[in-house]
Amino acid sequence: MKDTRSKELYERAKVHIPGGVNSPVRAFRAVNRTPRFMESAKGDRIIDADGNEYIDYVCSWGPGILGHAHPQVIKKVMDSCENGLTFGAPTEKEVILAELISELIPSMEVSRLVSSGTEAVMSAIRAARGFTGRDKIVKFRGCYHGHSDSLLVKAGSGALTTSVPDSAGVPKDDTKNTLVAEYNDKDSVQKLFDENKDQIAAVIVEPVAANMGLVLPEEGFLEFLREITKDHGSLLIFDEVITGFRLSLGAQQYYNIKPDITTLGKIVGGGMPIGAYGGRREIMQMISPDGPVYQAGTLSGNPVATAAGIETLNILKNDPQIYERLEQKTRKLADAAREAGKGHICVNQIGSLMSVFFTDQKVRDFESAVTSNTEQYADYFGYLLDRGIYIAPSQFETMFISNAHTEEDIEKTCKLAGEALCSLDF
């Protein structure tokens with residue numbers, strides 16, 4: 001498989017773009033490869049600058065639940081573009097999308113649109129602090145909530161991939177109010193509340209952690225977070241930038257838990273740049289111009305992004321069986337990997353999310369996730385890439401399955417993943 005053009009583009013990119021990429025994990029450094037520069041995508045296929053075609057399990061890191069370039073979504077985007085790209089003024093589409101979000105995720109009674117998941121989380125934290133009058137936030141080691149200063153502490157995703165869990169350029173004063181607990185460890189959370197009585201504004205959590213690889217909440221963990229935050233007058237924030245509309249119409253519906261604030265991204269924009277945060281009316285009334293918590297954005301509620309989001313959510317809403325189909329496809333991939341790598345790997349899967357960890361331990365938190373053999377993962381990645389299967393270029397990211405993946409493609413992937421695992425020197 002040729003990569004001449006990608007190599008040329010990468011060398012050019014490194015001259016004017018840090019590391020040659022606009023998001024660190026794209027550099028492929030964790031898998032010792034040259035990043036593939038993509039030119040087009042359709043359905044479950046993505047094509048690079050050298051003309052190589054791959055079955056895509058990255059799905060733009062989650063938004064592509066319907067597959068790439070879904071014709072209905074593309075039409076709505078093109079129609080919207082004809083009327084102008086941005087107005088910096090309210091539009092009916094913003095209202096429609098807010099109504100749709102509230103219908104599908106009832107805990108988001110009132111929501112505000114922004115331009116990214118990072119911005120959504122940053123704004124949700126500010127709203128929680130403004131509402132409670134408290135400063136401290138609890139997050140979990142290995143959970144990634146975007147690159148805002150106060151949350152870039154013991155983070156996952158690209159920060160974990162590059163072995164830089166804490167970023168340079170973040171003042172200590174910006175993180176002094178960020179408390180870190182262990183995912184799936186109730187005692188670590190209880191200890192922080194005991195030591196910081198009446199000081200914790202909120203607990204923020206990925207209800208299903210997907211930025212240290214996929215790590216599922218253990219039975220009773222999310223329920224415990226709901227109870228302890230209520231008991232202490234703190235808010236519970238679900239970061240559903242990844243899980244929102246991915247497992248079902250929301251992870252909170254999947255687990256039947258109602259957070260105080262929810263953050264969304266990825267799928268809610270149908271592939272266009274967007275984010276959203278929302279919750280109970282009394283909390284969201286703290287946001288300017290109704291209240292004293294300031295947040296603004298020139299491109300917030302962008303008409304093209306909202307058009308894509310509305311169409312995507314309506315497709316999901318009108319096809320309730322989509323989640324069952326996605327679950328079946330993903331379970332088939334997970335079972336095939338477990339069988340081929342038995343005793344040497346741990347496979348975590350829920351809905352259309354999946355991770356293969358190169359460790360013989362059960363992966364339930366950050367500590368167990370980082371026991372993974374990243375060199376073996378790099379070999380596994382390379383074997384699949386060379387045979388037309390595109391998965392995340394990092395052990396600590398998640399595999400996404402879309403409605404566009406066919407049974408034939410799933411079968412082919414199962415076969416090649418089995419071969420890849422059997423080729424490794426465990």
Side-chain angles (χ1 to χ4, degrees), residues 25 28 30-33 44-46 54-59 61-62 64-65 142 156 160-161 208-218 242-243 246-247 323-365 368-426:
V25 74
F28 276 37
V31 290
N32 303 312
R33 291 290 187 117
D44 69 342
R45 303 300 175 112
I46 193 164
Y54 309 89
I55 301 174
D56 179 24
Y57 292 102
V58 176
C59 294
W61 306 100
I65 192 168
L160 179 54
T161 300
V208 176
N211 284 290
M212 48 182 157
L214 181 68
V215 181
L216 310 185
E218 294 180 347
I242 287 178
T243 55
R246 171 56 70 174
L247 300 181
Y323 294 105
E324 184 178 337
R325 296 196 301 272
L326 289 168
E327 165 79 29
Q328 290 172 351
K329 293 175 189 176
T330 313
R331 192 185 312 124
K332 188 169 187 175
L333 289 169
D335 288 345
R338 288 189 186 104
E339 181 62 29
K342 191 179 295 182
H344 301 288
I345 63 172
C346 171
V347 181
N348 285 349
Q349 179 260 324
I350 185 171
S352 57
L353 299 170
M354 171 181 157
S355 283
V356 177
F357 294 95
F358 284 79
T359 177
D360 57 5
Q361 293 189 29
K362 178 183 177 181
V363 177
R364 60 177 298 275
D365 55 15
S368 50
V370 296
T371 65
S372 300
N373 187 320
T374 54
E375 291 183 2
Q376 288 177 343
Y377 183 87
D379 291 341
Y380 175 74
F381 170 88
Y383 188 99
L384 293 178
L385 186 75
D386 291 341
R387 289 158 182 81
I389 307 294
Y390 186 58
I391 63 172
S394 164
Q395 169 68 90
F396 304 111
E397 299 286 357
T398 300
M399 190 171 177
F400 297 92
I401 288 73
S402 79
N403 193 50
H405 285 98
T406 66
E407 287 299 325
E408 181 182 11
D409 290 332
I410 297 295
E411 290 285 354
K412 179 179 179 179
T413 306
C414 288
K415 178 177 180 294
L416 288 172
E419 292 176 2
L421 290 166
C422 291
S423 73
L424 298 177
D425 184 20
F426 287 113

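Quick caveat, the model's predicted, so the values are computed rather than measured.
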Open item on the list: Between Val208 and Leu216, is there a side-chain heavy-atom distance shorter than 4.5 Å?
Closed with: yes
Open item on the list: If I take atom OH from residue Tyr377 and atom CG from residue Leu424, how far apart are they, to the nearest 0.5 angstrom?
Closed with: 12.0 Å
- [ ] Compare every heavy atom of Lys332 with every heavy atom of Ile410, then report the nearest pair and how far apart it is.
- [x] CG2-CD, 4.0 Å
- [ ] Using a 4.5 Å cut-off on heavy atoms from C-beta on, say whether the side chain of Thr359 contacts that of Ser368.
- [x] no
Task: Centroid-centroid distance, Tyr57 to Phe400, less than 6.0 Å - done: no
Open item on the list: Pair Ser402, Ile65 - check side-chain contact (heavy atoms from CB on, under 4.5 Å), show working.
Closed with: CA-CA 4 Å; Ser402 79; Ile65 192 168; 5.7 Å; no
- [ ] Would you name the heavy atoms of Asn211 and Ile242 that are closest together and state the gap between them?
- [x] ND2-CD1, 3.8 Å
TODO: Indicate yes or no for a side-chain donor-acceptor contact from Asp56 to the backbone of Asp44 under 3.5 Å, with no hydrogens or angles considered.
DONE: no
Task: Main-chain N/O of Ala210 paired with Thr398 side-chain donor or acceptor, under 3.5 Å - done: yes
TODO: Please round to the nearest 0.5 Å and tell me the distance separating atom CZ of Arg364 and atom SG of Cys346.
DONE: 12.0 Å
TODO: Please report the shortest heavy-atom distance between Gly341 and Leu421, naming the atom on each side.
DONE: N-CD1, 4.0 Å
Task: Spacing of CG belonging to Asn403 relative to OG belonging to Ser352, to within rounding of 0.5 Å - done: 10.0 Å
TODO: May I ask you to check whether over 12 heavy atoms, not counting those of Gln328, lie within 6.0 Å of atom CD?
DONE: yes
- [ ] Determine whether Tyr54 and Arg45 make a side-chain contact, defined as any pair of heavy atoms from C-beta on separated by less than 4.5 Å.
- [x] no
Open item on the list: Before you tell me yes or no, could you show the steps for Tyr380 and Leu384 under side-chain contact (heavy atoms from CB on, under 4.5 Å), namely the whole-Å CA-CA distance, both residues' side-chain angles and the distance that decides it to 0.1 Å?
Closed with: CA-CA 6 Å; Tyr380 175 74; Leu384 293 178; 3.7 Å; yes
Task: Donor-acceptor under 3.5 Å (Ser355 side chain, Phe357 main chain) - done: no
Task: Thr413 versus Ile389, closest heavy-atom pair with distance - done: OG1-CD1, 3.7 Å
Open item on the list: Tell me if the centroids of the rings in Phe381 and Phe28 come within less than 6.0 Å of each other.
Closed with: yes
TODO: Starting at CD of Glu411, measure out to CD of Glu407 and round the result to the nearest 0.5 Å.
DONE: 7.0 Å
Task: Tyr390 to Leu385 - nearest heavy-atom pair and separation - done: CD1-CD1, 3.8 Å
Open item on the list: Using a 3.5 Å distance criterion without hydrogens, assess whether the side chain of Gln395 forms a donor-acceptor pair with backbone atoms of Ser372.
Closed with: no
- [ ] Report the C-alpha distance between Glu375 and Asn32 in whole Å, list the side-chain angles of each, state the deciding distance to 0.1 Å, and finish with yes or no for side-chain contact (heavy atoms from CB on, under 4.5 Å).
- [x] CA-CA 9 Å; Glu375 291 183 2; Asn32 303 312; over 6 Å; no
Task: Check: Arg246 main-chain N/O paired with Thr243 side-chain donor or acceptor under 3.5 Å - done: no
Open item on the list: To check you understand the geometry: which heavy-atom pair defines the closest contact between Ala369 and Phe396, and what is its length?
Closed with: O-CE2, 3.4 Å
Open item on the list: Any salt bridge linking Arg331 with Glu327? Criterion: basic side-chain nitrogen under 4.0 Å from a carboxylate oxygen.
Closed with: yes
TODO: Answer yes when Lys412 and Asp409 have at least one side-chain N-carboxylate O distance shorter than 4.0 Å, and no when they do not.
DONE: no
Open item on the list: When you compare the side chain of Cys59 with that of His405, does any pair of heavy atoms fall below 4.5 Å?
Closed with: yes
Open item on the list: Whether the side chain of Arg338 engages the backbone of Val347 through a donor-acceptor N/O pair (distance < 3.5 Å, no angle test) should be reported.
Closed with: yes
Open item on the list: One thing to verify: whether Lys342 and Asp360 come together as a salt bridge, which I'm taking to mean a side-chain N less than 4.0 angstrom from a carboxylate O.
Closed with: no
Task: Step-by-step side-chain contact (heavy atoms from CB on, under 4.5 Å) determination, Phe426 to Gln376 - done: CA-CA 8 Å; Phe426 287 113; Gln376 288 177 343; 3.7 Å; yes
Task: Exam field: side chain Gln349 to backbone Gly351, donor-acceptor pair closer than 3.5 Å - done: yes
TODO: Assess Arg325 against Tyr323: is NZ or CZ under 6.0 Å from the centre of the six-membered ring, and within 45 degrees of the ring's axis?
DONE: no
